[in-house]
Amino acid sequence: MRSLLALAVLAALAAPAPAQKITIAVVPSVPGGTTYVALDKGYFRDAGLEVDIERIDSLGKAVAFLATNQVQVAQGGINAGFYNAVAQGLPVALALESGSSPTYHQIIVRTDLKDQIRTPADLKGRTIGLSSPGSSSMYEVSAVLASAKLGLKDIEAKNLAFSQMAAAMANGALDAAMEVAPFTARMIEQKVGVPWIDPDDYIHPLPMSSVGYIVNLDWAQQNGDTAKKLFVALARAGRDYCQAYHHGPNRAEIIDIFLKNRIGTDRDLLDRMSWQSRTPNGEFNIASIVDMQAFFQREGTIGKISAAEKLVDPRYAAAVAKELGPFEPINKASPLK
């Protein structure tokens, strides 16, 4: 009996510890689809991690859950809610970039107004669709307006989900809209709007870091090795995305994963549309992050400026560069940045 008990104890000690469960909140966009790529391709499993993915409407909605450790990581568009959270001393920081310029965003003009809205100055007094208050869309449109010495106060901003803008344009509720893929292509194909301005042509500094993973710093400090493994796994998926972005041999596979996880429903559209760029190691352009923060303060959306080192934790991008090495597109003929 004692021998059997001793063997049972030894077996229990030798058994691998159960994987720690991590919850990631994700805005289900094309850049956000890489989190599902990491799950489907087994990168979390390979790292000994058990990950749940929760879908959210915007990164701002996840900040409260992130700060209280109900989720450990959140991915989405960088917005005023993040900057306010840091300013309030909540334990959150940007950990890994997952979307930057070129964004392939577009300001779309209503088809019947294409001969009336020709320059940024023509936006004065117009009704413009923006995704939400405090969003990076505000920052992008503001850069375009600034070229004509205008500001957001000179337009009528109407906050709508990207998916609702085509209908609003069709019924005349919008004169123009700040749109993102795949909704840009749908709006153009439906002939309710025409492509006009790429905000990247007006934004400085570039590249604009607009999408990222935010981490709970308390959790990351207590689980340093786990956090590092998690972000390296996410970066592996990010590099798969980069290869597919450059129309590499895995593009169909990545689109399959997007469709399986409801990142779009139209295979042909996903294949032909322009995907947002990203950095293969996940580094943020700190100058861009700081400039966006200053913009939100000028607009009165945030009240306090935080130091750059409070906004971004660079350790994870450094770990990715060390673990995964240099990135090279397989499709050497790709003209994309």
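When a residue number appears, it is its place in the shown sequence, counting from 1.
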Table please: side-chain donor-acceptor pairs of residues 284-302 below 3.5 Å, with sequence neighbours left out.
{"unit_1": "Asn285", "atom_1": "OD1", "unit_2": "Ala287", "atom_2": "N", "d": "3.3"}
{"unit_1": "Asn285", "atom_1": "ND2", "unit_2": "Leu206", "atom_2": "O", "d": "3.4"}
{"unit_1": "Asn285", "atom_1": "ND2", "unit_2": "Pro207", "atom_2": "O", "d": "2.8"}
{"unit_1": "Ser288", "atom_1": "OG", "unit_2": "Ser209", "atom_2": "N", "d": "3.0"}
{"unit_1": "Asp291", "atom_1": "OD2", "unit_2": "Tyr139", "atom_2": "OH", "d": "2.6"}
{"unit_1": "Gln293", "atom_1": "OE1", "unit_2": "Ser306", "atom_2": "N", "d": "2.8"}
{"unit_1": "Gln293", "atom_1": "NE2", "unit_2": "Ser306", "atom_2": "O", "d": "3.1"}

Quiz: residues 159-182 side-chain donor-acceptor pairs under 3.5 angstrom, not counting sequence neighbours:
{"unit_1": "Gln164", "atom_1": "OE1", "unit_2": "Ala161", "atom_2": "N", "d": "3.2"}
{"unit_1": "Asn171", "atom_1": "OD1", "unit_2": "Ala173", "atom_2": "N", "d": "3.0"}
{"unit_1": "Asn171", "atom_1": "ND2", "unit_2": "Ala167", "atom_2": "O", "d": "3.4"}
{"unit_1": "Asp175", "atom_1": "OD1", "unit_2": "Arg110", "atom_2": "NH1", "d": "3.2"}
{"unit_1": "Asp175", "atom_1": "OD2", "unit_2": "Thr127", "atom_2": "N", "d": "2.9"}

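Scanning all heavy atoms of the two residues, the minimum distance from Gly248 to Asn331 falls at CA-CB, 4.3 Å. Pairing each heavy atom of Trp275 with each of Leu270, the nearest pair is NE1-O, 2.9 Å. When all heavy atoms of Val26 and Gly32 are compared, the pair lying nearest together is CG1-O, 3.6 Å. Nearest heavy atoms, Ile108 versus Pro195: CD1-CA, 3.8 Å. The two atoms that bring Gln243 and Ile330 nearest to each other are OE1-N, 2.8 Å, heavy atoms only. Contact between Gly212 and Ile78 at its shortest, heavy atoms only, is N-CG1, 4.2 Å.
A donor-acceptor pair is defined here as one N or O able to donate and one able to accept, closer than 3.5 Å; such a pair exists between the side chain of Asn250 and the backbone of Ala244. The backbone N or O of Gly81 sits less than 3.5 Å from a side-chain atom of Asn79, completing a donor-acceptor pair. Asp200 places a side-chain N or O within 3.5 Å of a backbone atom of Thr103 that can act as its donor or acceptor partner. With Glu97 contributing its side chain and Thr279 its backbone, the two residues share a donor-acceptor pair below 3.5 Å. Under the 3.5 Å distance criterion, the side-chain polar atoms of Thr68 are matched with a main-chain donor or acceptor of Ala64. Side chain of Asp271 to main chain of Asp268: no donor-acceptor pair is present (N/O by atom type, distance under 3.5 Å, no hydrogens or angles). Looking only at distances, no side-chain donor or acceptor of Thr34 sits under 3.5 Å from a matching main-chain atom of Gly238. Listed for the Asn281 side chain is no donor-acceptor partner under 3.5 Å among the backbone atoms of Glu283. The backbone N or O of Asn216 sits nowhere less than 3.5 Å from a side-chain atom of Asn69 that would complete a donor-acceptor pair. A donor-acceptor distance shorter than 3.5 angstrom exists from the side chain of Gln72 to the backbone of Thr23, with no hydrogens or angles considered.
Cation-pi geometry between Arg278 and Tyr241 is met: the NZ or CZ atom falls under 6.0 Å from the ring centre, inside 45° of the normal.
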Criterion side chain to side chain donor-acceptor pair (under 3.5 Å) on Ser210 and Gln276, from CA distance to verdict: CA-CA 10 Å; Ser210 60; Gln276 183 171 359; 2.8 Å; yes

Derivation and outcome, side-chain contact (heavy atoms from CB on, under 4.5 Å), residues Val215 and Phe231: CA-CA 10 Å; Val215 66; Phe231 287 113; 3.9 Å; yes

Audit row: Tyr104, Val30, side-chain contact (heavy atoms from CB on, under 4.5 Å) steps and yes/no: CA-CA 12 Å; Tyr104 302 105; Val30 170; over 6 Å; no

Full working for side chain to side chain donor-acceptor pair (under 3.5 Å) between Gln106 and Thr184: CA-CA 7 Å; Gln106 285 274 349; Thr184 44; over 6 Å; no

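Environment of CZ in Arg262: sparse, with no more than 12 heavy atoms of neighbouring residues, nucleotides or ligands closer than 6.0 Å. Within 6.0 Å of NZ in Lys332 there are more than 12 heavy atoms belonging to other residues, nucleotides or ligands. Surrounding NZ of Lys310 are at most 12 heavy atoms belonging to other residues, nucleotides or ligands under 6.0 Å away. Applying the 6.0 Å contact sphere to CZ of Phe65 captures no more than 12 heavy atoms from other residues, nucleotides or ligands. Dense packing is recorded around CD of Gln70, with more than 12 heavy atoms of other residues, nucleotides or ligands lying under 6.0 Å away.
In the hydrophobic cluster analysis, where Ile, Leu, Val, Met, Phe, Trp and Tyr join through side-chain heavy atoms closer than 4.5 angstrom, Trp219 is grouped together with Leu234.
Within the 4.5 Å cutoff, the side chain of Leu94 has heavy atoms near those of the Phe82 side chain.
A salt bridge is defined here as a Lys NZ or Arg NE, NH1 or NH2 lying under 4.0 Å from an Asp or Glu carboxylate O, and Arg126 with Asp122 fails to meet this definition. Using a 4.0 Å cut-off between charged nitrogen and carboxylate oxygen, Asp46 and Arg236 count as a salt-bridge pair.
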